[in-house]
Amino acid sequence: MPELPEVETIKNALVPVVVGQSIVDVELFWQKALSKPSPDEFRRELIGQTLEGIRRRGKYFLFDLSGDKTMILHLKMTGALLFETNSDQKHITAIFRLNGTDLYFIDQRKFGSLWLVKDEQEVIGKLGPEPLDNNFTPGLLSQVVNRHSIPIKALLCDQHAVAGIGNMYADEALFAARIHPLKRAKDLNISEINGLHDSIIEVLERGIRHNGASISTYRLPDGAEGMAHTQFQVAHRRGEVCLTCGSPITRISIRGRGTYFCPHCQPE
DNA sequence: CCCGGAACCTGAAGGC
DNA sequence: TGCCTTCAGGTTCCGG
């Protein structure tokens with residue numbers, strides 16, 4: 001599932017290829033993916049514009065255009081952005097035909113979303129801090145954590161608390177920090193918060209270094225798989241043992257999300 | 001404030 | 001083999 005490292009990896013792969021290209025045509029096959037504006041307006045406004053840059057905020061892609069609007073895209077759970085296609089691609093949500101490349105927005109479960117807006121804040125304005133920015137300090141994390149009494153796992157997945165962390169990397173960060181996922185956020189002490197801060201950065205950066213995790217449908221734009229899942233200590237390791245202590249990895253459900261952890265390394 | 005559940009979707013996996 | 005159910009999890013919303 002695309003989380004911060006996956007979105008960052010895709011963005012970094014797209015930039016050298018598509019930035020500078022102009023949009024020749026836009027085909028939208030799943031209209032419900034488009035939150036704003038209307039499909040006609042979307043197509044009319046995009047055609048002829050140049051892609052001037054791509055940024056990431058949390059799990060969102062922000063496409064800077066030569067006009068005064070920004071196209072925003074979210075892959076949700078099964079979305080992918082691919083160059084060309086391997087002929088039998090199903091589930092095409094949209095095709096962006098550029099003057100040098102065709103960019104396909106593929107989405108098996110059709111949860112992905114698109115926007116074209118003047119003010120990007122109306123889409124991403126409520127996101128929490130970027131965990132890989134310099135301003136994401138232990139003190140900032142402490143402020144966020146102390147405001148909530150929900151399980152720390154649930155808080156890490158809340159995009160309004162910290163942006164970009166999803167189910168997989170939340171489990172990985174908590175394992176690295178040796179914190180039980182059900183521990184109430186505000187019950188974390190200073191040293192746990194400091195450790196969690198460092199662990200969040202560590203697991204996200206490791207994810208990026210390994211090109212993201214191909215647990216599900218995630219692919220790089222050229223179709224290659226990421227390797228970050230081979231580094232996972234607990235996430236999606238159902239039925240396996242902890243690489244640190246040999247205890248069986250346990251799976252519980254927190255807020256309806258599968259949560260993997262080591263009960264020995266992450267005691268209550 | 002916190003939680004559970006539903007909704008949006010499809011395909012994979014498991015049970016019988 | 002095949003039908004049926006459950007599960008997967010990013011985000012939002014709604015009710016208790």
Side-chain angles (χ1 to χ4, degrees), chain A residues 1-10 28-36 56-62 72-81 88-94 105-115 117 120-128 130-131 143-174 181-188 204 207 212-219 225-226 228-229 232 234-239 249-261:
Chain A
M1 326 293 152
E3 301 180 25
L4 187 156
E6 287 73 32
V7 177
E8 180 73 12
T9 300
I10 294 169
L28 183 64
F29 297 93
W30 183 249
Q31 300 205 343
K32 286 163 112 176
L34 183 60
S35 299
K36 196 184 174 181
R56 178 192 60 73
R57 175 78 171 95
K59 303 172 191 171
Y60 293 81
F61 293 92
L62 308 172
I72 304 180
L73 190 154
H74 196 302
L75 298 174
K76 295 289 175 73
M77 287 158 56
T78 56
L81 287 171
D88 61 341
Q89 279 293 356
K90 304 173 196 168
H91 319 302
I92 301 176
T93 286
F105 180 8
I106 307 289
D107 189 9
Q108 179 183 102
R109 287 173 66 181
K110 300 183 169 141
F111 287 179
S113 303
L114 284 165
W115 298 258
V117 292
E120 63 194 39
Q121 291 306 315
E122 73 178 75
V123 180
I124 60 166
K126 291 183 176 167
L127 291 178
E130 276 293 316
Q143 285 175 28
V144 173
V145 160
N146 286 325
R147 282 202 302 267
H148 302 274
S149 59
I150 61 174
I152 184 63
K153 162 69 187 280
L155 185 66
L156 289 182
C157 292
D158 182 349
Q159 303 304 297
H160 308 303
V162 182
I165 302 172
N167 207 38
M168 303 181 298
Y169 292 97
D171 284 355
E172 289 300 303
L174 289 170
L182 280 174
K183 186 152 192 166
R184 288 162 159 257
K186 61 168 57 158
D187 288 346
L188 298 196
L204 293 176
S214 286
I215 286 289
S216 174
T217 56
Y218 168 74
R219 295 291 184 279
E225 294 193 6
H229 52 289
F232 284 171
V234 286
H236 291 272
R237 297 191 62 235
R238 188 201 298 253
I249 300 298
T250 298
R251 181 186 185 276
I252 59 175
S253 180
I254 298 180
R255 295 279 246 276
R257 300 289 169 256
T259 298
Y260 300 83
F261 70 107

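All heavy atoms count here, side chains included; hydrogens, waters and symmetry mates do not. Here is the naming used below: chain letters follow the sequence lines, and residue numbers restart at 1 for every chain.
Per the geometry, CZ belonging to A:Phe61 stands 14 Å off C1' belonging to C:dG10, to the nearest Å. Per the geometry, CD belonging to A:Glu3 stands 15 Å off P belonging to C:dA8, to the nearest Å. Taking atom CD1 on A:Ile252 and atom P on C:dA8, their separation rounds to 13 Å, with Å as the unit. Rounded to whole Å, atom P of C:dG9 lies 9 Å from atom CZ of A:Arg238. In this entry the distance linking CG of A:Asp171 with C1' of C:dA8 reads 14 Å, nearest Å.
Between A:His148 and A:Lys110, the residue anchored nearer the 5' end of DNA chain B, judged by the nucleotide with its closest heavy atom, is A:His148.
Among residues two or more places apart in sequence or in another chain, the side chain to side chain contact (heavy atoms under 4.5 Å, CB included) test is passed with A:Arg56 by A:Leu4, A:Val7, A:Glu8, A:Lys11, A:Glu130. Applying the ring-ring contact (aromatic ring centres under 6.0 Å, His included) test to A:His229 and every residue at least two apart in sequence or in another chain returns nothing. Residues forming a side chain to side chain donor-acceptor pair (under 3.5 Å) with A:Arg255 (at least two apart in sequence, or on another chain): none. Checked against side chain to side chain contact (heavy atoms under 4.5 Å, CB included), A:Lys110 has the following partners two or more places apart in sequence or in another chain: A:Trp30. A:Arg109 pairs by the side chain to side chain donor-acceptor pair (under 3.5 Å) definition with nothing, not counting sequence neighbours. Evaluation of the ring-ring contact (aromatic ring centres under 6.0 Å, His included) rule for A:Phe261 yields A:His180 as partners, not counting sequence neighbours. Under the side chain to side chain contact (heavy atoms under 4.5 Å, CB included) criterion, A:Gln108 pairs with A:Thr78, A:His91, A:Thr217, sequence neighbours left out. By the side chain to side chain donor-acceptor pair (under 3.5 Å) test, A:Gln31 pairs with no residue at all, sequence neighbours left out. Taking A:Thr93 as the reference, nothing meets the side chain to side chain donor-acceptor pair (under 3.5 Å) condition, with sequence neighbours excluded.
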Would you tabulate the nitrogen or oxygen pairs shorter than 3.5 Å linking the protein to nucleotides 11-13 of chain C?
unit_1	atom_1	unit_2	atom_2	d
C:dT11	OP1	A:His74	NE2	2.4
C:dT11	OP2	A:Lys59	NZ	2.9
C:dT11	OP2	A:Gln159	NE2	3.2
C:dT11	O4	A:Arg257	NH2	2.8

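A tilted orientation is assigned to the rings of A:Trp115 and A:Tyr60, their planes being inclined by 30° to 60°.
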Margin query: Could you spell out the base pairing of DNA chain C as a dot-bracket line? Use Watson-Crick and G-U wobble contacts where both distances are under 3.5 Å, [ ] for crossing pairs, | for partners on a different strand.
Written below: .|||||||.|||||||
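Regarding contacts with the backbone of C:dA8, every side-chain N or O of A:His236 stays at 4.0 angstrom or more from both OP1 and OP2.
Think of the region where chain A sits on DNA chain B: with heavy atoms and a 4.0 Å cut, that region ends 5' and 3' at B:dC2 to B:dG11.
Remark: side-chain polar atoms of A:Asp171 are not paired, donor with acceptor, to backbone N or O of A:Val234 under 3.5 angstrom.
Nucleotides C:dG9 and B:dC2, compared at atom P, are 24 Å apart to the nearest Å. Spacing of P atoms, C:dC3 relative to B:dC9, comes out at 25 Å, to the nearest Å. Of the P atoms belonging to C:dT5 and B:dA6, the separation is 16 Å, rounded to the nearest Å.
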